[in-house]
Structure formats: C-alpha cells, structure tokens
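Notes for the one structure printed next.
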2 protein chains.
Amino acid sequence: MALDHAILVSLTERAASGYDLARRFDASIGYFWPASHQQIYKVLGRMQEAGWVESTVHEQHGRPDKKNYAITAAGEAELDRWATVPSGREALRSDFAVKLRGFRDREAILTDTRARRADHVARLAEYEASEKRFYPDPSALDGAGLGAWLALRGGIHTEERGIEWCDEILTALEGRGSR
Amino acid sequence: MALDHAILVSLTERAASGYDLARRFDASIGYFWPASHQQIYKVLGRMQEAGWVESTVHEQHGRPDKKNYAITAAGEAELDRWATVPSGREALRSDFAVKLRGFRDREAILTDTRARRADHVARLAEYEASEKRFYPDPSALDGAGLGAWLALRGGIHTEERGIEWCDEILTALEGRGSR
DNA sequence: TTATACATGTAAAGTGTTACATGATTGG
DNA sequence: CCAATCATGTAACACTTTACATGTATAA
C-alpha cells in the first residue's frame, strides 16, 4: 500500500493530475518509489473512493479533460496514521548481487559491473545537481524542505556506496586470471 | 524471473529440497533476494517442467517424502544466458524514504529512524561475522567463493551507508525544534 | 514527417504476500 | 504440554509490469 502514501505525500506538496504525478514519479519522488502512469491512475481512483483525495475536472480544448487531485483531511489523517507505523526492514532484492554471487563468466560480470558503475555515477550527478539547486543551504531548512533534503541525501549515499562496491568488484576481478 | 535464477545459483552451489532452499533464502542468498517457501515450491515446479532442474524423491519414515532438486545442463545453460543480459538499474523503492520526505511528526520519524539504525547495526554484525567465518582470507579466493564474497561485501556496504544516513537524519532532526 | 508532450484510461500477465492445510518428531 | 523443526503444498489477494487504446498540438 505504499504507492498510496507516496502519492499522498506528493499531493501534500502540491495538488496535481495523474499525468503530473506520473512525471513527478519519473523524477523526484520516483527516485524512492517508482511508478507508472497506469498504476497511478488506478490508485487515484481507489483513493478517491476511499475519500483520501478529491478531484476537480478542468475542461480543455483540443485535449482530454484534466482531473486535478487534492489531498483531503481524511487523506492527511491517513498520512499521520501511517507515520506511526514502524517501517520494518527493507529487503535488498538485487538481481545484480545474485548474478555476482553465481558468476561463472568473468568478462560478463565485468561488463555488467562497469555499466552499473556508470549508472551510479550518472544518477549521483543528478542528485548532486538537485541538491545544489534546491537545497544550497541545508542548515536553513525546516518543515517540508528538511524531509525532502534528507531523502535526497539517502539517494546520494546509495549511489556513492554503489560506486564503491563496483570499484571493489572491479579491483578484485580485473587483477586476477580468468575463472 | 529473477527468483528462478537465484534458485538456480543456489542449486549450483549444492543440490537441495524446497525446504532446504527456503532455509537458505532465510539466510545467505536471501540477503539479496528474499523468498518464502510458498514461492520457492511454485518456481521449482515450473522450472522442472521447463527442464532446468530435476528431482529425486527420497522416502522418509514419519515425515513427508523429500524431493531433492539438482540443476540440469539446460539450467546451467540458462544461467549462462542470463549472465550476458545487462542487469539494468535497480530502483530504490523505499517506504522509509517516502515517509521521511513527507514527515510531519518529528518524533514519529525519529523513532522510525532509530529502529532502522538498530536493524542496520544488527545486520551489519551478521554480515561481518559471516565474512570473518567464511572468507578470512579474501585474497586467496577464486572461483565460486569470490563471487559470494563480493556479494557479501555489497551487503556490508549497504548496511554501513544505511547507518551513516540514519546518523545524518538523527543529527539534523535532534538538533532542531519541533515541526 | 516524425517525435514529443499532453491527457486519460483498460486488460492481461507476471510476481509476491498472506492465509490455510496437514502431520510426525524432538527439545525444553 | 508447548513450541520449534521437518516437509510439502494450495488458494486468495495484492501489487507491478507490459501491452493495448485513443487523439490533438507543437517543435525539430
């Protein structure tokens, strides 16, 4: 049920259509909880029935009507309830780690590791650009900005450690004979 | 389809029953790909039909018969094929990061962060105990052991960075007024 | 003329979680 | 006597991914 809460959090920041939310999930909040537009539309419908969000339709010319969703008091109450539920452990569930554990072809895993490292570097650059742009002075943050910044910090840590791990793998495998 | 491969990797290390695999998934390989016994039995059945594994039944007295599964040549070929498929980005999908981003109750998120930190510390201790016990001399590793050790290193990095992130959150939130 | 942005969805297939079902043996 | 371990599964539900479906406006 966590996509529900991710959408609610996003709507707390600003009301939005399903389309807008889908774009946000391709960027900011989707860093921590990816979701497609198909999923988002479905959950919005369910949450509207539950009374957690409400929508107003804006007619448009030349393109489909736009439904703007806003969080309701009941939705905010749900967020507050959710805040008190312990998160519990998050599993790794890493395709790459399984592949690494069982590798038999050194070149194949090296190729994969190099590509993975490049992905981490690229995403780290995105995160750091966001940090510089939106949170240039973290010590001045409070309220909504503080949580968003700390979440972004988590993304930065994740990428940094991913790079370290890749480097460790490359060092271990490049310096040895074939397997 | 990655549970399939996680099971195949595990069977490469040693043939096993569904029950044995479930225990392995509660410990070693499940660190990177958690799975319940229900899921494992289902996938074993599917993989046997596909010819990737084969089973021999061992009758037992006083308890149900035991089916021992072993990987076949076709199963190994599938692993080799899979090794050449690029892994692609792994999404974070973190409940906690979403909660942090949207937090409104400072005490609630502090409680959650402290519990999370304790989980990381506990898991890190497990990983480090495993490393000391099974890979006391990493430089001497080759073949199967090397991949398993590098995967474990990934787990260690994950927990270490998780602790750092929690500490950053605690520092940022404990030193400030309420929100 | 081709791709991208805008804007909303349904349907099917795959994957994962939780609940249910059975039953003997062993250790505290 | 109660809990844990051994040993296998089915069924229902929840969630995610991928494919399908439609149509205009705008910029390269």
Side-chain angles (χ1 to χ4, degrees), chain A residues 1-8 15-27 29-30 32-50 53 55-69 82 85 87-95 98, chain B residues 1-8 15-27 29-30 32-50 53 55-69 82 85 87-95 98:
Chain A
M1 289 275 198
L3 176 54
D4 302 48
H5 299 107
I7 290 175
L8 290 177
S17 67
Y19 186 84
D20 296 333
L21 285 166
R23 279 186 310 171
R24 287 187 201 169
F25 274 81
D26 282 340
I29 198 158
F32 316 117
W33 201 276
S36 63
H37 75 271
Q38 292 92 331
Q39 244 181 302
I40 290 167
Y41 284 120
K42 205 185 295 180
V43 172
L44 280 172
R46 192 212 299 154
M47 289 202 298
Q48 184 160 32
E49 275 185 47
V53 297
S55 65
T56 49
V57 178
H58 298 267
E59 284 178 40
Q60 301 193 122
H61 46 283
R63 51 187 55 174
D65 291 350
K66 188 170 175 161
K67 277 192 216 167
N68 212 265
Y69 288 88
W82 178 62
V85 179
S87 296
R89 282 198 173 173
E90 275 158 22
L92 254 189
R93 211 174 288 279
S94 165
D95 226 45
V98 172
Chain B
M1 286 270 200
L3 176 56
D4 302 49
H5 298 108
I7 290 176
L8 289 177
S17 67
Y19 186 83
D20 297 332
L21 285 166
R23 278 185 312 169
R24 287 187 203 168
F25 274 81
D26 283 339
I29 198 159
F32 317 115
W33 202 274
S36 64
H37 75 271
Q38 292 93 330
Q39 242 182 307
I40 289 165
Y41 284 120
K42 204 185 295 181
V43 173
L44 280 172
R46 191 212 300 157
M47 289 202 295
Q48 185 161 33
E49 275 185 48
V53 298
S55 65
T56 50
V57 177
H58 298 268
E59 284 177 38
Q60 301 193 123
H61 46 281
R63 52 186 55 172
D65 292 350
K66 188 172 176 161
K67 278 193 215 167
N68 213 265
Y69 288 89
W82 178 63
V85 179
S87 295
R89 284 197 170 172
E90 275 156 22
L92 257 190
R93 211 173 288 280
S94 164
D95 226 44
V98 173

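Here is the naming used below: chain letters follow the sequence lines, and residue numbers restart at 1 for every chain.
Sequence order on DNA chain D of the closest nucleotides to B:Asp20 and A:Arg46 puts B:Asp20 first from the 5' end. DNA chain C is contacted by both B:His37 and A:Arg23; A:Arg23 maps to the nucleotide lying nearer its 5′ end (nearest heavy atom per residue). Where A:Trp33 and A:Pro64 meet DNA chain D, the nucleotide closest to each residue was compared, and A:Trp33 sits on the side nearer the 5' end.
A:Tyr41 has a side-chain polar atom (N or O) that falls below the 4.0 Å cut-off from OP1 or OP2 of C:dT8. OP1 or OP2 of C:dA7 sits under 4.0 Å from a side-chain N or O of A:Gln60. At the phosphate of C:dG16, neither OP1 nor OP2 sits under 4.0 Å from any side-chain N or O atom of B:Ser36.
The OH atom of B:Tyr69 lies 5.0 Å from the CD atom of B:Gln48; values are rounded to the nearest 0.5 Å.
Residue B:Tyr19 has its side chain nearest to D:dC6 when only D:dT17, D:dC6, C:dG9 are considered. The listed nucleotides are C:dG9, C:dT17, D:dC6; the one nearest the side chain of A:Lys67 is C:dG9. When each of D:dG9, D:dA7, D:dT17 is scored by its nearest atom to the side-chain atoms of B:Arg93, the top-ranked nucleotide is D:dT17. Here D:dT8 is the nucleotide among D:dT16, D:dT8, C:dT18 with the atom lying nearest to any side-chain atom of B:Lys66.
Across all strands shown, A:Gln38 has heavy atoms under 4.0 Å from base atoms, whether or not it also approaches the sugar-phosphate.
Under the 4.0 Å criterion applied to side-chain N and carboxylate O atoms, B:Asp26 and B:Arg23 are not assigned as salt-bridge partners.
The backbone N or O of B:Gly30 lies less than 3.5 Å from no partner atom in the side chain of B:Arg24, so there is not a single donor-acceptor pair.
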